[in-house]
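A quick note: this is a predicted structure, and the numbers were derived from the prediction, not measured. By convention in this document, chain letters (A, B, ...) are assigned in the order of the sequence lines, proteins followed by strands, and residues within each chain are numbered from 1.
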Amino acid sequence: MEAAKMASPKSAPKDAQVMAQILKDMGITEYEPRVINQMLEFAYRYVTTILEDAKIYSSHAKKSSVDADDVRLAIQCRTDQSFTSPPPRDFLLDIARQKNQTPLPLIKPYSGPRLPPDRYCLTAPNYRLKSLQKKVSSTAGRITVPRLSVGAVSSRPSTPTLGTPSAQTVSVSAKVGAPVSLAGQRFTVQIPSSQPAGKSGTPSTPTVQNVLINPSLIGPKNILITTNMVPPGAAGDSNPLKRKHEDDDDYDAL
Amino acid sequence: DRQTLVAVLQFLRRSNLRESEEILRREARLLGDDLGGSVATVATSSPGVAAVAAVPPGKGEARGHCGVGSSSRREPRAVGSPRAARSLGGSLSCAVVVEDQPDVSAVLSAYNQQGDPTLYEEYYSGLKHFIECSLDCHRAELSQLFYPLFVHMYLELVYNQHESEAKSFFERFHGDQECYYQDDLRVLSSLTKKEHMKGNETMLDFRTSKFVLRISRDSYQLLKRHLQEKQNNQIWNIVQEHLYIDIFDGMPRSKQQIDAMVGSLAGEAKREANKAKVFFGLLKEPEFDVPLDDEDEEGENEEGKPKKKKPKKDNVGSKSKKQDPNAPPQNRIPLPELKDSDKLDKVMNMKEAARRVRLGPECLPSICFYTFLNAYQGLTAVDITDDSSMIVGGFADSTVRVWSVTPKKLRSVKTAADLSLIDKESDDVLERIMDEKTASELKILYGHSGPVYGTSFSPDRNYLLSCSEDGTVRLWSLQTFTCLVGYKGHNYPVWDTQFSPYGYYFVSGGHDRVARLWATDHYQPLRIFAGHLADVTCTRFHPNSNYIATGSADRTIRLWDVLNGNCVRIFTGHKGPIHSLAFSPNGRFLATGATDGRVLLWDIGHGLMVGELKGHTDTIYALRFSRDGEILASGSMDNTVRLWDAVKAFEDLETDDFTTATGHINLPENSQDLLLGTYMTKSTPVVHLHFTRRNLLLAAGAYSSQ
């Protein structure tokens with residue numbers, strides 16, 4: 001740390017001198033000059049927060065002016081909220097005793113990457129799909145909303161996967177319009193291809209793999225992949241996995 | 001004692017606790033003769049009574065630790081009568097009435113104390129006078145009393161809201177304390193009101209736990225005789241309430257010996273705290289044949305040595321088939337099985353070990369220093385993989401940056417789209433799944449929301465852990481360079497984390513004064529190690545993964561058993577918060593470094609301090625033993641790396657029962673002999689040390705332009 005470059009006592013305001021004195025009393029001799037400003041700002045912010053809270057409490061109690069009890073109450077509430085301290089020792093000893101009684105769990109062999117259940121991991125996709133605004137020409141059928149399934153295996157963020165629109169998945173009811181909370185959930189998005197040449201109605205399972213989603217590859221922008229649905233009747237014989245050029249239009253980068 | 005008993009009976013009657021009163025009266029009548037007897041023997045101060053007096057405070061503390069909540073908290077002022085009643089109730093269930101007496105008398109004496117805040121200074125100066133006039137051989141031991149008494153009396157005054165008396169008490173006596181307590185005294189000087197104490201968990205713990213002193217029997221007799229005279233009874237009550245005096249038979253210790261062992265916030269360690277058996281041996285490495293590489297052999301045999309056709313057996317782990325009595329059983333704690341990749345790694349390890357340089361006083365290691373430039377004082381944690389292929393830095397801007405140390409760049413697995421396009425049947429599929437387009441020497445991992453204070457690679461180099469001020473420990477995958485899990489448990493800054501030497505388990509320690517043991521596949525900790533009085537600043541696994549060492553800001557090191565969470569060793573002696581720990585490769589010894597600039601060496605089996613290495617002038621942040629344990633390297637804030645002769649430091653140890661029992665440590669002043677070399681850096685504090693598999697020393701730090 002740079003040596004303290006304190007303003008000369010004559011020119012520093014009184015509060016800054018008080019802060020410098022506090023640092024000296026606590027035995028801190030080397031500090032950046034910004035520290036005093038930070039301390040002043042903290043003191044100002046803390047005091048105004050407390051006084052504002054005290055004003056609210058005193059008006060709630062229908063008092064004419066703020067008195068010491070209001071301030072005391074405000075301090076206490078703020079302490080419980082922002083300035084918590086770690087649990088007391090006997091509490092820690094107690095929970096430690098409880099936790100340490102259970103034997104260590106056995107380790108299952110050959111179980112791949114050992115991670116907690118998916119709900120507790122950060123490996124789920126953190127994006128959602130929205131329905132396409134514009135209609136694709138030819139088959140111009142009903143636009144059905146994309147169906148999202150919960151609990152099935154992953155999807156690829158950048159390629160629409162093909163699947164039959166037939167009821168193969170359980171749709172999350174009535175949630176598509178509202179923002180779906182994605183924390184800790186996995187979705188399979190099954191989007192039939194936008195080509196008029198679809199597939200015949202034979203169900204074909206999309207090739208799904210247990211691939212870890214790499215949302216960081218998507219980057220800071222949220223890429224919403226819009227979908228285009230075709231009615232079940234339309235069938236196509238194109239390679240379901242091949243990306244179409246039209247799909248590039250569908251990428252709305254926000 | 002008789003008086004206090006009568007007082008208690010009156011108390012209970014006044015509070016309408018008739019039943020308790022009856023029970024107490026009945027039992028007191030049984031003890032009536034004993035009471036008379038004990039009063040008589042106090043004057044003669046026979047060892048038997050001294051033992052009894054010493055034991056109950058210990059039992060009281062033991063009960064506190066057992067979680068019998070009523071007697072663990074000492075709040076003498078507030079709820080005297082329910083406490084007396086509850087402690088009586090507790091004692092009845094334990095059916096040991098003798099245990100009861102000190103609790104009750106302590107409670108009542110505390111009541112009496114309330115009226116005498118102005119006399120505290122007199123008591124203290126009276127004791128001071130007595131100790132200074134005592135015999136030389138006893139003075140050193142009795143001087144240990146000054147600090148805990150001073151702090152407890154001061155806290156008592158503050159807690160009972162006698163602010164002016166507290167201030168004048170502090171003014172008068174704080175200069176008499178030992179120099180190594182100065183930091184504590186500074187904190188104390190800022191605690192002048194009861195509200196200040198509420199937020200300071202460390203001081204509250206100090207008030208409620210007993211400060212341990214180890215005093216020889218002769219000195220103790222002297223002290224007791226003096227204090228039990230009429231006018232000094234108050235101090236005797238305070239001593240009984242707040243101090244635990246561990247008496248040993250033998251000669252009083254000298255000032256030097258005492259100074260070596262004291263310094264922690266809780267005094268020294270009780271002898272019974274260090275009695276449990278510790279399995280410090282290493283686990284047997286699995287034996288398997290090393291497949292000989294013909295090309296390798298040709299390279300090595302350039303000098304024309306005869307080729308060995310037989311496969312070599314792996315005898316890195318043990319030379320004999322017998323079980324090491326000091327080693328834990330293989331299945332004491334569940335450990336993950338060895339995968340094929342782990343076996344390949346071990347083979348590589350052994351090959352490297354064969355080419356390892358034998359270090360010694362004549363053959364010092366070369367040191368390669370990795371300087372982090374332009375870190376702007378933001379480098380807070382460093383780790384290097386075991387095979388020295390990657391280095392990670394944790395920074396104050398909450399990023400974690402991974403660099404490749406070898407020319408081979410860091411590659412992540414391809415995206416799902418590209419993965420579907422590769423040929424899965426090819427032989428080099430493991431290379432094909434790696435993405436060449438985004439290969440780079442540096443990968444930055446974002447995710448934490450506070451400075452990253454600890455990082456640790458997993459032994460199989462698949463995972464990276466980082467712990468931060470935001471209270472979480474994050475697990476990152478080094479194959480996709482993304483965050484996999486955030487382990488939430490500490491709600492306060494986490495200061496250090498480390499993977500177990502076998503992977504799967506990891507330990508973390510933080511501001512909430514506990515260390516936690518986790519497994520990567522459990523979102524909650526498996527073990528909680530509670531007992532420290534202040535933040536846990538450093539956590540390390542023992543090489544056999546059965547024990548965890550934690551160093552703390554309360555200036556002690558504790559060794560915990562992973563199997564049941566018990567604290568098996570307490571090491572005191574440092575005079576500042578501990579910031580680095582290192583186990584010797586054979587598992588028998590522990591080296592610790594703290595802000596006081598000393599490296600202390602401990603024998604784990606016996607629980608004793610066996611060496612002290614003086615030389616550094618500032619905090620020691622890095623300690624590491626060489627691969628075979630011959631050299632100990634230490635790196636410090638004073639911009640130097642020092643090498644010490646570990647073989648010499650650990651030979652000829654006096655670790656017999658006498659030393660264990662009495663704590664008569666005789667540390668030889670041989671720091672200068674053990675120092676093999678001091679290497680200065682250019683104003684770069686050393687944050688991390690690592691011996692490669694061939695015993696090249698790598699060091700890391702951030703350049704600070706001052």
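Looking at A:T84, both its backbone and its side chain come within 4.5 Å of chain B, counting heavy atoms on both sides. B:Y523 touches chain A through backbone and side chain together, each having a heavy atom under 4.5 Å away. With a 4.5 angstrom heavy-atom cutoff, B:R474 touches chain A only via side-chain atoms. Of the atoms belonging to A:F83, not a single heavy atom falls under 4.5 Å from chain B. For a residue to count as touching a neighbouring chain, one of its non-hydrogen atoms must lie under 4.5 Å from one of that chain's; by this rule B:L335 touches chain A with the backbone only. For B:S190, the part sitting under 4.5 Å from any heavy atom of chain A is the side chain, from C-beta outward, and nothing else. Contacts of B:Y446 with chain A are absent, with no heavy-atom separation under 4.5 Å from either backbone or side chain.
A:P105 and B:P334 make their closest contact through O-CG, 3.4 Å (heavy atoms, listed as atom of the first residue, atom of the second, distance). For the residue pair A:P87 and B:E201, the shortest heavy atom distance occurs at O-OE1, 3.9 Å. A:L93 and B:A530 get closest at one heavy-atom pair: CD2-O, 3.7 Å. For the pair B:E337 and A:Y110, the tightest heavy-atom approach, listed with the atom from each and the gap, is OE2-N, 3.1 Å. For the residue pair A:L92 and B:R513, the shortest heavy atom distance occurs at CD1-NH2, 3.9 Å. The heavy-atom pair separating B:C483 from A:L122 by the smallest distance is SG-CD1, 3.5 Å.
Between B:L484 and A:T123, the closest side-chain pair of non-hydrogen atoms falls below 4.5 Å. The side-chain heavy atoms of B:T208 and A:D90, taken from C-beta on, include no pair separated by under 4.5 Å. With a 4.5 Å cut-off on side-chain heavy atoms, B:R527 and A:L104 count as touching. Within the 4.5 Å cutoff, no side-chain heavy atoms of B:I528 are placed close to those of A:Q98.
Interface check for chain A: of the options B:D512, B:L563, B:T520, B:V187, the most heavy-atom pairs under 4.5 Å are formed by B:T520. Of the listed residues (B:A519, B:S189, B:P525), the greatest number of heavy-atom pairs within a distance under 4.5 Å of chain A belongs to B:P525.
In this structure, CG on B:N566 lies 12.0 Å from CZ on A:R97, to the nearest 0.5 angstrom. If you take CG on B:L475 and CZ on A:R114, they are separated by 13.0 Å, rounding to the nearest 0.5 Å. Here B:Y502 contributes atom OH and A:I107 contributes atom CD1; the two are 12.5 Å apart, rounded to the nearest 0.5 Å. A distance of 11.5 Å separates CZ of B:F206 from CZ of A:R89, quoted to the nearest 0.5 Å.
Using a distance-only test at 3.5 Å, with no hydrogens or angles considered, a donor-acceptor pair links the side chain of B:Y492 to the main chain of A:S85.
More than 12 heavy-atom neighbours from other residues, nucleotides or ligands sit within 6.0 angstrom of OH on A:Y46.
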